[in-house]
Amino acid sequence: MEVSCLSCNHVLNVQYEVSYHYYICVKCFSLHKNENGILKLKSSNKSSFNYVIPIGTIVDFENQKYCVSNVILKKDLSNDSWLEYELISDNNSKKYFTEENGNWTISEEIELKSTDKFIREIYYEDIDYKLYDRGKYIDFSGAGFFEYQIDKDENIEYADFICPPSLLSIEIEDGKQTSFLGKHISSKEIKSIFNIKSVPTKSQVGMVQPFYFNLNNTIIVFCSACIFILISHLYFSNSSKNQLVYSNEINLLDNNNKEISTDVFELKGPIAPLKIFINSDVDNSWVATDFSLVNQTTGESSYFSKDIEYYHGYEGGENWTEGDTTDEFNICGVSSGKYKITFVPSKDTNDVSNSRFKIDVYWDKSDNWNFVSAFVVFLIIVIILFFIKNSFEQRRWNDSDYSPYSKEE
């Protein structure tokens with residue numbers, strides 16, 4: 001089908017037979033009337049506007065062939081505007097692609113019983129739709145093929161109800177109600193369907209734009225992961241036992257300030273703390289020890305130090321003591337592998353009687369740290385995602401007079 005504009009002589013070739021009574025030139029926006037197959041120029045002062053999907057584009061969508069028959073620029077009484085592309089198929093079924101602020105929806109007409117114009121909620125096909133916007137709009141301008149003449153002086157009532165990513169719209173014109181069911185469609189899908197390279201950039205959260213991912217499913221995944229970690233933790237905790245990996249008694253007279261190394265020992269099992277016990281016959285004196293734990297596979301080293309101090313005396317008619325001859329400490333989060341410990345004991349040189357330093361190293365049963373830390377991390381992530389989702393929803397409802405969020409938020 002070939003249509004030639006009587007104002008600018010632009011020729012539009014469409015590989016599709018479209019039935020129409022009016023044609024608005026896709027280049028100069030001049031209005032024509034189709035009278036028994038003959039175009040007659042009605043006016044050449046239609047408002048121009050930009051759109052991205054060419055009129056006459058043929059697409060295969062949902063196992064049907066569709067043609068883009070027209071596009072309408074719509075404006076409400078607040079001067080907010082959006083574009084609506086009409087697609088028509090061989091069997092005369094229609095789809096409507098709407099773009100507003102870079103967000104896209106696709107919808108089709110449905111049968112819906114007449115509703116009260118002041119209703120705030122609609123329950124349709126097991127989905128609860130909340131009122132998002134209500135008002136009046138005009139068909140400000142258009143391009144393409146139309147069954148009717150666009151009249152910018154005629155106000156059409158509308159109400160939009162949402163349950164993202166779904167949309168239910170109601171329009172009332174000349175007392176007749178028409179209903180549409182729609183859903184969000186991504187810009188990427190629009191580019192693919194219509195084979196276009198660019199679309200308008202998003203400038204705000206769309207009316208039915210879905211959140212970046214399903215938060216409920218994410219929580220279910222996190223809970224499942226926590227349960228799995230808990231079961232694994234209980235299994236390994238019950239099956240593991242304290243393992244003595246090194247024990248020695250050092251003569252401090254011969255080894256004071258000298259580096260001593262254990263044999264290489266291998267740890268097998270889940271991550272668990274390495275527990276070190278040290279004992280010395282300190283008496284109003286001290287023994288300080290520097291340790292290093294060396295992973296023989298990776299070469300990574302962990303450094304730490306520990307002091308044993310024990311003092312006692314008599315003062316003010318009372319005996320007093322401070323410190324102990326024994327101490328213990330943990331190296332947390334030690335995974336399986338081959339290790340070696342080096343340590344340097346250093347004693348108080350004024351204590352000539354103390355010559356003994358005892359060390360025992362155990363690989364303990366796995367503690368609750370792994371599970372608790374994983375649970376805390378998951379919980380923090382969920383809380384952060386909840387606040388991000390809440391902020392996202394507030395921005396969605398920002399321009400709505402029916403927002404469930406208070407103005408203070």
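In what follows, residues are counted from 1 in the order of the sequence shown.
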Subject >> Pair S301, S292: side-chain N/O donor-acceptor within cut-off below 3.5 Å >> reply: no
Original post:
Is the number of heavy atoms from other residues, nucleotides or ligands within 6.0 Å of CG (N50) greater than 12?
Top reply: no
Original post:
Salt-bridged, K306 to D327, with N to O below 4.0 Å?
Top reply: yes
Original post:
Between F329 and F291, is the gap from one ring center to the other below 6.0 Å?
Top reply: yes
Original post:
So how far is it from Q394 CD to F387 CZ, rounded to the nearest 0.5 Å?
Top reply: 10.5 Å
**OP:** Can you establish whether the number of heavy atoms outside E315 located under 6.0 Å from its atom CD is more than 12?
**Re:** no
Original post:
Do NZ/NE/NH1/NH2 and the carboxylate oxygens of E249 and K358 come within less than 4.0 Å?
Top reply: no
Subject >> Inter-residue atom distance S302.OG - N295.CG, 0.5 Å rounding >> reply: 9.0 Å
Original post:
Are more than 12 heavy atoms from other residues, nucleotides or ligands located less than 6.0 Å from atom CG of D128?
Top reply: yes
**OP:** Establish, from distance only, whether the side-chain atoms of S285 and D348 form a donor-acceptor pair under 3.5 Å.
**Re:** no
Subject >> Ring centres under 6.0 angstrom apart (F49, F29) >> reply: yes
Original post:
Can you find a side-chain donor-acceptor pair between D351 and S353 that sits under 3.5 Å?
Top reply: yes
Subject >> Interatomic spacing from CD1 in I383 to CG in L385 - rounded to 0.5 Å >> reply: 10.0 Å
Original post:
What pairs with S355 under side chain to side chain contact (heavy atoms under 4.5 Å, CB included), at least two apart in sequence or on another chain?
Top reply: N251, L253
Original post:
Which is it for K136 and E157 under the salt bridge (charged side-chain N to carboxylate O under 4.0 Å, His left out) test, yes or no, and what are the steps along the way?
Top reply: CA-CA 4 Å; K136 296 180 179 181; E157 293 184 78; 5.5 Å; no
Original post:
Between F61 and Y66, how do the two ring planes meet: parallel, tilted or perpendicular, split at 30° and 60°?
Top reply: perpendicular
**OP:** Please check if atom NE2 in H21 has more than 12 non-hydrogen atoms from other residues, nucleotides or ligands closer than 6.0 Å.
**Re:** no
Original post:
Does the separation of the ring centres of Y311 and W286 fall below 6.0 angstrom?
Top reply: no
**OP:** Check each of V52, L87, I58 against F194 using the side chain to side chain contact (heavy atoms under 4.5 Å, CB included) test, and report the only one that passes.
**Re:** L87
**OP:** Measure the spacing between CD1 of I260 and CG of N248 and express it to the nearest 0.5 Å.
**Re:** 7.5 Å
Original post:
CD1/I250 to NZ/K347 distance, rounded to the nearest 0.5 angstrom?
Top reply: 14.0 Å
**OP:** Look at E108 together with K95 and state whether they make a salt bridge at an N to O cut-off of under 4.0 Å.
**Re:** yes
**OP:** I would like to know whether K176 and E173 meet salt bridge (charged side-chain N to carboxylate O under 4.0 Å, His left out); could you show each step before the answer?
**Re:** CA-CA 5 Å; K176 179 184 178 183; E173 183 178 4; over 6 Å; no
Original post:
Taking atom CG of D254 as the centre, does the number of heavy atoms from other residues, nucleotides or ligands within less than 6.0 Å exceed 12?
Top reply: yes
**OP:** Rounded to the nearest 0.5 Å, what's the gap from OH on Y20 to CD on E147? Could you check?
**Re:** 11.0 Å
Original post:
Are F161 and Y129 near enough that their ring centres are under 6.0 Å apart?
Top reply: no
Subject >> Pair S247, D360: side-chain N/O donor-acceptor within cut-off below 3.5 Å >> reply: yes
Subject >> Enclosure of K202 NZ (heavy-atom neighbours >12, cutoff 6.0 Å) >> reply: yes
Original post:
Would you say the ring centroid of Y85 lies under 6.0 angstrom from that of F97?
Top reply: no
**OP:** Answer yes if the side chains of N91 and S89 hold a donor-acceptor pair under 3.5 Å, and no otherwise.
**Re:** yes
Original post:
Does the side chain of D90 come under 3.5 Å of the side chain of Y16 through a donor N or O and an acceptor N or O?
Top reply: yes
Original post:
Is K94 salt-bridged to E86, going by a charged N under 4.0 Å from an acidic O?
Top reply: yes
Original post:
In this structure, are over 12 heavy atoms from other groups packed under 6.0 Å from K75 atom NZ?
Top reply: yes
Original post:
Mind checking whether W363 and F265 have ring centres under 6.0 Å apart?
Top reply: no
Original post:
Are Y158 and F180 close enough that their ring centres sit under 6.0 Å apart?
Top reply: no
Subject >> For E84, all residues meeting side chain to side chain donor-acceptor pair (under 3.5 Å), sequence neighbours excluded >> reply: K74
